[in-house]
K.L.:
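One structure, pasted below without further comment.
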Amino acid sequence: MNRFSILVGDITRSRAQAIANAANTTLLGGSGVDGAIHAAAGPELLAECRTLGGCETGQARLTRGYRLPARYVLHTPGPIWRGGQEGEAALLASCYRSCLTLAESRGIESLDFPSISTGVYGYPLTQAAPVALKAIMDFLRDHALPRQVRLVCHTRETAAVYRQVWNMWYAGTKEERLPEEPETI
Ligand code: APR
């Protein structure tokens, strides 16, 4: 059974134990998925984030989820795309790896990711997808936790890019290919 899958929808509705947040280094909220997560979690999330003193790009910090269905939020600032020659790929991979490592250390069994850095931060989706999927799949190969990792894409178009890359690189057989019609969250 695949420990990885791709969904379409609003990650704030996720019932995974933890969701990752495409944050910024202040951890004080923003627009995009960061804004949606803070709006759904309520003011207690910002209050806890204020105590963290920010987070470096590529690192991750854990908070409670408050009014979200998810119990925890893993905040990770992705790299801003500056053309691809400034270490963006390594920093993006580090975002996924840092969240997975933190989740494993806390015994978290299910973790949902948004498509980090591919919105406001301008990381081209077709370049982000192979980096993100390699970081996730390498981690799952070497670790038992989290048991389940999902990528929650806001649009079907985003999901199609990740699914195409995953099917090309990680589907050993036709049966293992991710379905054309992704589940909605
Ligand atoms: N659920 C799932 N995915 C979402 C949601 C949502 N509710 N809202 C937006 N997204 C998707 C976007 O469509 C995009 O594919 O999340 C992906 C990441 O886009 P952004 O949220 O813009 O994040 P990012 O590109 O990493 O930029 C981060 O934006 O919101 C600010 O404070 C944040 O400064 C930081 C920057």
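One-based numbering, in listed order, for ligands and for the atoms of each.
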K.L.:
Got the closest protein heavy atom to atom 30 (O) of ligand 1, with its distance?
P.N.:
Ser31 O, 2.6 Å
K.L.:
With a cutoff of 4.0 Å, is Gly35 in contact with ligand 1, counting heavy atoms of the residue only?
P.N.:
no
K.L.:
Note the single closest protein heavy atom to atom 32 (O) of ligand 1, along with its residue, its atom name and the distance in Å.
P.N.:
Asp34 OD2, 2.7 Å
K.L.:
Within a distance under 4.0 Å of any heavy atom of Ser115, pick out the atoms of ligand 1 and give their elements.
P.N.:
15 (O), 17 (C), 18 (C)
K.L.:
State whether the shortest distance between N or O atoms of Thr158 and N or O atoms of ligand 1 falls below 3.5 angstrom.
P.N.:
no
K.L.:
Report yes if some N/O of Ile116 lies less than 3.5 Å from some N/O of ligand 1; otherwise report no.
P.N.:
no
K.L.:
Kindly compute the distance separating CG (Asp112) from CD (Gln148), expressed to the nearest 0.5 Å.
P.N.:
7.0 Å
K.L.:
Roughly how far, to the nearest 0.5 Å, is the CG atom of Leu100 from the CG atom of Leu74?
P.N.:
9.0 Å
K.L.:
Might you confirm whether atom CD of Glu44 has over 12 heavy atoms from other residues, nucleotides or ligands at distances under 6.0 Å?
P.N.:
yes
K.L.:
Name the closest protein heavy atom to atom 35 (C) of ligand 1, giving the residue it belongs to and the distance to 0.1 Å.
P.N.:
Tyr121 OH, 3.5 Å
K.L.:
What do you reckon, does Ile11 have a nitrogen or oxygen under 3.5 Å from a nitrogen or oxygen of ligand 1?
P.N.:
yes
K.L.:
Determine which pairs satisfy side chain to side chain donor-acceptor pair (under 3.5 Å) with at least one residue from residues 136-145, sequence neighbours left out, and list them in order.
P.N.:
Glu104-His143, Lys134-Asp138, Asp138-Arg141
K.L.:
Check whether any side-chain heavy atom of Leu133 sits under 4.5 Å from a side-chain heavy atom of Tyr170, and report yes or no.
P.N.:
yes
K.L.:
Could you tell me whether Glu181 and Arg156 have a side-chain N and a carboxylate O separated by less than 4.0 Å?
P.N.:
yes
K.L.:
Under 3.5 Å between some N or O of ligand 1 and some N or O of Thr12?
P.N.:
no
K.L.:
With a 4.0 Å cut-off on heavy atoms, does Ser117 reach ligand 1?
P.N.:
yes
K.L.:
Compare Asp112, Val33, Asp10 and give the one whose heavy atom is closest to atom 16 (O) of ligand 1.
P.N.:
Val33
K.L.:
Tell me which protein heavy atom sits closest to atom 22 (O) of ligand 1, plus the residue, atom name and distance to 0.1 Å.
P.N.:
Val120 N, 2.8 Å
K.L.:
What residue and atom, counting heavy atoms only, is the protein's closest point to atom 13 (O) of ligand 1, and at what distance?
P.N.:
His154 CB, 3.7 Å
K.L.:
Applying side chain to side chain donor-acceptor pair (under 3.5 Å) as the test, list every pair that has at least one member in residues 22-39; sequence neighbours left out.
P.N.:
Asn21-Asp34, Asn24-Thr26
K.L.:
Would you say CD of Glu109 has more than 12 non-hydrogen atoms from neighbouring residues, nucleotides or ligands within 6.0 angstrom?
P.N.:
yes
K.L.:
Hey, is ligand 1 close enough to Gly119 that some N/O pair sits below 3.5 Å?
P.N.:
yes
K.L.:
Do Phe113 and Tyr96 make the cut of ring centroids closer than 6.0 angstrom?
P.N.:
yes
K.L.:
Does the side chain of Tyr72 come under 3.5 Å of the side chain of Thr63 through a donor N or O and an acceptor N or O?
P.N.:
no
K.L.:
If you measure every N/O of Ala36 against every N/O of ligand 1, is any gap under 3.5 Å?
P.N.:
no
K.L.:
Looking only at non-hydrogen atoms, which of Ala23, Gly9, Ala22, Pro114 approaches atom 23 (O) of ligand 1 most closely?
P.N.:
Ala22
K.L.:
Out of curiosity, is Thr118 lining ligand 1, as in a heavy atom under 4.0 Å away?
P.N.:
yes
K.L.:
Which ligand 1 atoms, with their elements, are less than 4.0 angstrom from a heavy-atom of Gly30?
P.N.:
30 (O), 32 (O)
K.L.:
Is there a side-chain contact between Leu28 and Arg50, using heavy atoms and a 4.5 Å cut-off?
P.N.:
yes
